[in-house]
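Heads up, the thing below is written out as structure tokens.
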Amino acid sequence: MQYSPTSIESRWKLYWAKNEVYKTDNHSDKPKYYVLDMFPYPSGAGLHVGHPLGYIASDIYARYKRLKGFNVLHPMGYDAFGLPAEQYAIQTGVHPAVSIAENIGRYRAQLDNIGFSYDWTRSVNTSDPKYYKWTQWIFLQLYDHYYNLSANKALPINELVKDFETFGNTNVSAVHTQDILFSADEWKSYSDIEQQRILMNYRLAYRKVSYVNWCEALGTVLANDEVKDGLSERGGHPVEKRPMMQWSLRITAYAERLLNDLDRLDWSDALKAMQRNWIGKSVGAQVFFDVVNHPLKIEIFTTRPDTIFGATFMVLAPEHDLVDLITTSDMIESVKNYRDYVASRSERDRMAEVKEVTGVFTGAYTKHPFTEEHIPIWIGEYVLKDYGTGAIMAVPSDDDRDFAFAEKFRLPVIDVVDKTQNPGSSRQDKVGKMINSSFLNGMDVKEAIQYMFNLIEKEGIGTRRTNYKLRDANFSRQRYWGEPFPVLYDQNQLITILDESHLPVTLPEVKDFHPTSEGKSPLASAKFWVNEISGYERETDTMPGFAGSSWYFLRYMDPDNETAFASEEALHYWKDVDLYVGGTEHAVGHLMYSRFWHKFLFDLGKLPTDEPFKKLINQGMIQGVIANLYLQKEKLEGRHQFVCAQLVSDDTLDEYIKIAVHIDFVSDYGTPKSYLDIVAIENFIRWRPEFSNAIFKSSTGAFDASSSLGQPNSTFRIYLQSEVGKMSKRYFNVVNPDDVVARYGADCFRMYEMFLGPIEQSKPWDTKGIEGVQKFLKKFWSLFVEDDVFCVSDEKPTREELKILHQTIKKITDDIERFSFNTAVSAFMVCVNELKKLNCRKKEILEPLVRLLAPFAPFITEELWSQFNKGYSVHQSEFPICHQEYLMADTIEYPLSVNGKKRDLITLEAGLSNADIEKIVLENDQVLKWLSGQQPKKIIIVPGRMINIVV
RNA sequence: GCCGAAGUGGUGGAAUUGGUAGACACGCUGGACUCAAAAUCCAGUGCUAGCGAUAGUGUGCGGGUUCGAGUCCCGCCUUCGGUACCA
């Protein structure tokens, strides 16, 4: 009876499926616990060894909680809408639904192979009409609600309309886009179109013209977080700004709650900081400046109203609405040129450029509200249209950017803060005493800021105001493979919303998945579908990827419900996610949108909690090692030339390009000395025939595959350059978990991934240590088996053996609770090594160990458990409990130091008082020798830890 | 620039509250078994000196607090992640 993972694993997989071991009920006397993984996008490439890292950790925890007596919800599903399937459809004509279904099949097989305890009856697929019916439904709710600031929650839009009909909007306190004041009578006099336009300013899902990230190559609009450095995250194509009528979600209404409620979450500080930065709250004042010779006011936002006496010029965003109105005739030409120049520059140009100061004078002036002095108004691209009011008062003495602008255009600088008492402080630090500032002089900066806030409001020249960097979320995509909007337009572009009874609005079949030339979605070409309801046209955009993923964790609670997104009963039973495991890449996207939707549904009274994810663990990424050959840019007599990495120095680096080599060819892969030998080179050439006449040059000679010319000896090697990077098809470094499982077994794979290091840490995949884990499993197995038969004894364990067992139980329990799975695996190894040394095969020791190991290695433990208890699974047993009495030692070894210098170990009885210990130590001959007559000043004793004698 | 995380043997990493630094594993060295190999087992393994017991030294760098610092404080350096004209 040898340990053979393959046969064990296939047998128990079947058993679990047949007996529905992991099926979870919505009713139970047990306390609930919800363990969630971030569901994957089922890509064509399948899973690689990096994906399961977090899944393994959460599965261990879910299994642990189950053994601890919790009713555990641990589901898995697929985030199935998205660009890659659509791109694939464009290239091959295969319908996304077909390719996605195929990919899901492959994912499912790969996941099952690793022994996860998912309740697959609860699986969701965001592209399933039964699922996206409810995504559309939530959109309808967002459309039908506005954010009331007095109630501090979302309320039905009908209530707002009632307010408008009775009072107009003068006293309405709601989050909205534009300030147009109207009375009740005025409201009633407006046309339908006009009323709808106004309500759009309040709805939580609304339409507006927005500058969107247009990607010509992909033919679509991208979300901000899909753009990296001015290029599309997918494919790296250039992205430009373009105006378009788009749906948006008013996430900014929730900014304050999203910020404040972070404090209550058990998330890492790093992640909370990321969300805080993204929300970017700043408190300041909105101040009005009169324009000279105009009845106009310029509205600025500043966090430093104290520096108002240092404001020597104003800067407006080039796109600011007032620019046309105030520019003087002599400046029209240069202002127009500058605005054209700004418009012509793509996001990418702006970012690529080192901060060069640009701007022009408008010819206009404002009047300083206190000194009445005239201040020139400039425009400059460093002032952003979208942030604050799109206009600033420039205080060059206390802001680096304003200072740079003043320096370039020779504008005056007035020092208003005396920083001489604060050496080392920077221009914008809020420290020092006010000077040159009339009534503020002598005040401390912080004091002056408060003083000005009050004064500005009292004088009526402005108000206190809070600004957020957080932008409303663009919710339209010009794509096929997404949720259609349940929205119709009539000839006047008046919106009609399809109500719940019309849901789901399903995707129509199309012949061509390309976006249309005007940048419209492929849905626009499905004429029948678009015009299906006479007199109306359907919305042809679809929802973005984050729509379906913003609420999927709620659907798992009640996945087949056809009358609600989940029943009230299920929602109140499971409440929220207790543990969420996933990567940091979703820190500000998915995790922010989910919190927003969750809070919104909470406001509607649908949910019992206002935060979705109580505890969050961020697993690191498993990276790949990319092995590269250096290819010389210059061909040699028309032939490619590869060069050994040892011959390439930093100075000559730009003479080469790197060609990624498939990892199957590489010897010593993953080490700095990875290389190709002659056999590998021949394999490489067969794989990449375009290099069949290449020459491979090393320090010992050259290898010419196309002829026997200069044939080197058999030790010939070309060393490769290796770097850590993504595990990806394009680097030919993908490791499939199936291969690892086939070779070592799923238990070994699971434990090895955990053993690799802390779960939060990113690290490159290498299999160097996997054999250690395999050895452990074999050793563990061998404890139960003697002479090829299962054999454990009923003999009573010794105190020493019990001590080993219970120390291990304590250690493992603590480690699981703090998600330190790598140290837990080590603790198992220590335990088995010790039992092996004692040749302990006693049932009383081994049986609890099986239950202890079950969350980590579900298959081997199942097999061994069945030898003790037939008929039910180890995963339905209990996690063993640590009995303290076995941990108590009879004697303790104390390290003994003199003046902090380690000297020796001294063995003492356990349970001695400090006074007793002191007495024994001072009578010890050895100690007296070290002290050589000196009197000890004091003796420090840390019970159970150490003794230090100070002389 | 700002925010965040981290720097420990040849390698991955441990040290949970300030208390024997390097657990566990890989690798390496030597040995047992074997005709041989694989597998398995045993011993050693931070660095320096020494046959050795042992001594010195050692957690990115420089200081400090403490009987005692990988851990706490001050000042730097490096790497990684996020963000970027946010007024």
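The figures that follow rest on heavy atoms only: side chains count, while hydrogens, waters and symmetry mates do not. Lettering follows sequence order; numbering is per chain, from 1.
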Problem - Flag if over 12 foreign heavy atoms under 6.0 Å of CG, D269(A) - result: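 Result for CG/D269(A): open.
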Exercise for the section: Answer with yes or no whether the side chains of K779(A) and N833(A) bring together a donor and an acceptor at under 3.5 Å. Expected result: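 On atom types as modelled, these side chains qualify, holding a pair under 3.5 Å.
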Exercise for the section: Go through F780(A) and F828(A) one step at a time and tell me if the ring pair (Phe, Tyr, Trp, His ring centres under 6.0 Å) criterion holds. Expected result: CA-CA 9 Å; F780(A) 186 73; F828(A) 277 118; 7.5 Å; no
Fill in the blank from the handout: Judged by nearest nucleotide, the residue sitting upstream toward the 5' end of RNA chain B, K837(A) or G388(A), is K837(A)
Exercise for the section: Find which nucleotide of RNA chain B each of N948(A) and K469(A) is nearest to by heavy atoms, and output the residue with the more 5' nucleotide. Expected result: N948(A)
Quick one: which of [options] gets closest to the side chain of [X]?
X: A270(A); options: rC85(B), rG4(B), rG19(B); result: rG4(B)
X: M274(A); options: rG82(B), rC67(B), rG19(B); result: rG82(B)
X: K763(A); options: rG13(B), rC67(B), rU20(B); result: rG13(B)

Would you find a donor on one side and an acceptor on the other, under 3.5 Å apart, between the side chain of [X] and the backbone of [Y]?
X: T252(A); Y: D472(A); value: no
X: E760(A); Y: Q619(A); value: no
X: T312(A); Y: P412(A); value: yes

Round to the nearest Å and state the distance from [X] atom [atom1] to [N] atom [atom2].
X: K281(A); N: rC3(B); atom1: NZ; atom2: C1'; result: 18 Å
X: K778(A); N: rC41(B); atom1: NZ; atom2: P; result: 9 Å
X: R465(A); N: rA87(B); atom1: CZ; atom2: C1'; result: 13 Å
X: E585(A); N: rG4(B); atom1: CD; atom2: P; result: 22 Å
X: L262(A); N: rG4(B); atom1: CG; atom2: C1'; result: 14 Å
X: I949(A); N: rG68(B); atom1: CD1; atom2: C1'; result: 14 Å
X: N839(A); N: rC41(B); atom1: CG; atom2: C1'; result: 14 Å
X: M751(A); N: rC24(B); atom1: CE; atom2: C1'; result: 12 Å

Between the protein and nucleotides 14-18 of chain B, list the N/O to N/O atom pairs that are separated by less than 3.5 angstrom.
unit_1, atom_1, unit_2, atom_2, d
rA14(B), OP1, N822(A), ND2, 3.0
rA15(B), OP1, R818(A), NH2, 3.3
rU16(B), O4, K811(A), NZ, 2.6

Between [M] and [N] - [atom1] atom distance, rounded Å:
N: rC61(B); M: rC77(B); atom1: P; answer: 15 Å
N: rC73(B); M: rG18(B); atom1: P; answer: 11 Å
N: rG56(B); M: rA43(B); atom1: P; answer: 29 Å
N: rG70(B); M: rG81(B); atom1: P; answer: 30 Å
N: rU71(B); M: rG19(B); atom1: C1'; answer: 11 Å
N: rG10(B); M: rC28(B); atom1: C1'; answer: 8 Å
N: rU65(B); M: rU20(B); atom1: C1'; answer: 23 Å
N: rU45(B); M: rA25(B); atom1: C1'; answer: 14 Å

Problem - Range-with-range stems of RNA chain B (Watson-Crick or G-U pairs under 3.5 Å, three or more in a row) - result: B:1-7 with B:77-83, B:10-12 with B:24-26, B:27-32 with B:40-45, B:46-49 with B:54-57, B:60-64 with B:72-76
Problem - Partners passing side chain to side chain contact (heavy atoms under 4.5 Å, CB included) against F288(A) (at least two apart in sequence or in another chain) - result: K297(A), E299(A)
Handout entry: Residues in side chain to side chain contact (heavy atoms under 4.5 Å, CB included) contact with A587(A), at least two apart in sequence or another chain
Key =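 With neighbours one apart ignored, the set is L271(A), M274(A).
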Any ion pair linking [Y] and [X] (charged N to carboxylate O, less than 4.0 Å)?
X: D814(A); Y: R818(A); value: no
X: D398(A); Y: K419(A); value: yes
X: K385(A); Y: D321(A); value: no

Distances for protein N/O vs nucleotides 25-28 of chain B N/O pairs under 3.5 angstrom?
unit_1, atom_1, unit_2, atom_2, d
rA25(B), OP1, N833(A), ND2, 3.1
rC26(B), OP1, K775(A), NZ, 2.9
rC26(B), O2', K768(A), O, 3.3

Practice task
Give V825(A) one of three labels, base, sugar-phosphate or nothing, depending on what nucleic acid heavy atoms sit under 4.0 Å from its own.
Solution key: nothing
Practice task
Classify the nucleic acid contact of L756(A) as base, sugar-phosphate or nothing, counting any heavy atom under 4.0 Å across all strands shown.
Solution key: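 Sugar-phosphate contact only.
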Practice task
Determine if the base of rG9(B) is syn or anti; take syn to mean the glycosidic torsion is within 90° of 0.
Solution key: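 Syn, which is what one calls it when the glycosidic angle falls within 90° of 0.
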Problem - Cation-pi geometry met for R595(A) and W267(A) (6.0 Å, 45°) - result: yes
Handout entry: Residues which pass ring pair (Phe, Tyr, Trp, His ring centres under 6.0 Å) with Y338(A), listed by chain and number, not counting sequence neighbours
Key = Y341(A)
